[in-house]
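Everything below concerns the one structure shown next.
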Amino acid sequence: MLELQRIREQKDDIIERLKIRNLDVSEQINKVIDLDELRRKTQRELDDTLAESNKLSKEIGMLFKQGKQEEANQIKSKTADLKERSKQLKEEEAKIQEQIKEILYQIPNVPHPSVPKGNTDEDNEVVLTAGEIPDLGEYNLPHWELAKKYNLIDFELGVKITGAGFPVYTGKGARLQRALINFFIDEAEKAGFQEVIPPLLVNEASGYGTGQLPDKEGQMYHCTVDNLYLIPTAEVPITNIYRDVIVSENELPIKKTGYTPCFRREAGSYGKDVRGLNRLHQFDKVEIVQIAHPSQSYELLDKMVEHVKSLLDKLELPYRVLRLCGGDLGFTSALTFDLEVFSVAQERWLEVSSVSNFETFQANRLKLRYRGKGNKPQLAHTLNGSALALPRIVAALLENNQTKDGIKIPDALVEYTGFSIIK
RNA sequence: GGAUAGUUGGCAGAGUGGUCGAAUGCGCCAGUCUUGAAAACUGGUUUACCGAGAGGUAACGGGGGUUCGAAUCCCUCACUAUCCGCCA
């Protein structure tokens, strides 16, 4: 959610920059500014009314104490009007406040100046391409066939137990999952992120805090009996640790990492996008989260991208880094880098990580602030990134490393898997 | 699931109708003392909104009500703790 004060001060700039998202918000912005003015006017009137009423109440109290019943009763009659008036004003103000919030919920974050123009993922800017794309020759099976051939993942069994998009990992397939999780967590810790194991279900307030609610309600699994949501990413519980918190400036940046399964309903997906491991309802992911001082958040964003790149380097996977264009940028993000690995057998790029700076957009809803010495609390910046999401990494590892002898495990991973080849 | 007790400032914890944004302690910040530190002492220390400022308003889990006046009384919802039941 954008800050009202910023809208008031930088109205034109905001409207201009949101055009990068192919959005014209001038109408909404103007409406908000008008409503805000009305709200302030209403509040002033309300405050004055209440001040008057408070004053009279005090007088009545004094008079009663002095036994001057009659005088007290006289003043009492005066308060009725004030009471009625303040009730009205209160209702009015609440109504206006509600309208303002409704509009603010609909306005996405202001893109960073470096965000390129564009409508779809085809307009994303390729920042960097790295690694070698292997020539597999005749050994060129997609991962879902490899998974079957080597008994690593059983998709049908998952369908039986739960439904499509809930695979069962078996034997070395399961071991590979665990190896990757440990590898990613260890690497994150080396990079200074503290590990946390958060709850996998969150309440409504947390959903609102990071912006999954109200707009993405349909994407989360909802346990209606207890009104809890299965997390779509560890970002939700980990960032919400800092909901309604004022941290001291010298604690920044705060760096957390966590492994969790992620649950997504993925309503509306179909076709080749959901084949095999490409899109699941439940998948594993290691997430990195930072709470940062505004002055250093972009520097830290770059470092997070570097961290994810280092993981892909160590896994010896060919990848590229994209700077998302305005049309592809997430609602809450100011700047996002996607990292994609190349799947040789599928001949396509697979998104494995998304690293974003939300600036104050999340912090505003979360009421996450920092305080410098002697200063008023200021909104912090939040950042997060996948480091990494497992399924597509597994897909690429299986496909790109297949040989006539089996699937080779990259060196960096062998100490975690305990085997160097899957036969 | 049943019963009971709770929810107050960064934390602990007092306050049961007016002078309470709220005692006290701890913590934190500044100062005095000290070669330095600790201790001791002194002072300061919630947040949001409105206002150029003086100042004003709101908030004692959320919402509603009674009252001239509510942290305090009533209703309602949420959450937490403890005990019982069930159970990894």
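Chain identifiers are assigned alphabetically (A, B, ...) following the order of the sequence lines, protein sequences preceding nucleic acid strands; residue numbering begins at 1 within each chain.
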Would you indicate what [X] reaches in the nucleic acid, counting non-hydrogen atoms under 4.0 angstrom: base, sugar-phosphate, or nothing?
| X | result |
| --- | --- |
| Leu56(A) | nothing |
| Asp48(A) | nothing |
| Lys376(A) | sugar-phosphate |

When you compare [N] with [M], how far apart are their [atom1] atoms, in angstrom units rounded to a whole number?
| N | M | atom1 | result |
| --- | --- | --- | --- |
| G17(B) | C60(B) | C1' | 15 Å |
| G44(B) | G69(B) | P | 34 Å |
| U66(B) | U72(B) | C1' | 13 Å |
| U16(B) | A22(B) | C1' | 14 Å |
| G9(B) | U47(B) | C1' | 10 Å |
| G21(B) | U76(B) | P | 29 Å |
| G55(B) | C74(B) | C1' | 36 Å |
| A12(B) | A81(B) | P | 14 Å |

- Message: Quick check on RNA chain B: between Asp36(A) and Ser53(A), whose nearest nucleotide comes earlier from the 5' end?
- Response: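 Counting from the 5' end, the first nearest nucleotide belongs to Asp36(A).
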- Message: Quick check on RNA chain B: between Glu93(A) and Lys83(A), whose nearest nucleotide comes earlier from the 5' end?
- Response: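 On the 5' side of the pair lies Glu93(A).
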- Query: If you walk 5' to 3' along RNA chain B, what is the first nucleotide with an atom under 4.0 Å of a heavy atom in chain A, and what is the last?
  - Reply: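 Result: G18(B) to G69(B).
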- Task: Assess Lys172(A) against Tyr150(A): is NZ or CZ under 6.0 Å from the centre of the six-membered ring, and within 45 degrees of the ring's axis?
- Result: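 Geometry flag: not set, cation outside 6.0 Å or 45°.
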- Task: Would you confirm whether His112(A), through its side chain, and Ser114(A), through its main-chain N or O, come within 3.5 Å as a donor-acceptor pair?
- Result: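 A pair under 3.5 Å: yes.
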- Taking the side chain from Ser333(A) and the backbone from Gly330(A), do they hold a donor-acceptor pair closer than 3.5 Å?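 No, because the side chain of Ser333(A) does not come within donor-acceptor range (under 3.5 Å) of the backbone of Gly330(A).
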- Item | Reference residue Asp36(A); test salt bridge (charged side-chain N to carboxylate O under 4.0 Å, His left out); the match among Arg8(A), Lys11(A), Lys101(A), Lys31(A) |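 That would be Arg8(A).
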- Task: Using only heavy-atom distances, determine whether the side chains of Gln212(A) and Gln219(A) contain a donor-acceptor pair under 3.5 Å.
- Result: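 Side-chain D/A pair, Gln212(A) to Gln219(A): absent.
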- RNA chain B: stems of at least 3 consecutive Watson-Crick or G-U pairs, cut-off 3.5 Å?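 Looking at RNA chain B, the stems formed by three or more consecutive pairs are B:1-7 with B:78-84, B:10-12 with B:24-26, B:27-32 with B:40-45, B:46-50 with B:55-59, B:61-65 with B:73-77.
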- Task: Assess the pair His381(A) and Tyr298(A): is the distance between their ring centroids shorter than 6.0 Å?
- Result: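 Centroid separation for His381(A) and Tyr298(A): 6.0 Å or greater.
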- Item | Sequence-distant partners of Glu306(A), salt bridge (Lys or Arg N to Asp or Glu O under 4.0 Å), two or more places apart |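 Glu306(A) satisfies salt bridge (Lys or Arg N to Asp or Glu O under 4.0 Å) with Lys309(A) once adjacent residues are dropped.
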- Item | Parallel, tilted or perpendicular, as decided by the 30° and 60° cut-offs, for the rings of Phe193(A) and His307(A) |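 Tilted: the ring planes of His307(A) and Phe193(A) meet at 30° to 60°.
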- Message: For Ile421(A) versus Ile409(A), what's the shortest heavy-atom pair and its separation?
- Response: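 It is N-CG1, 4.1 Å.
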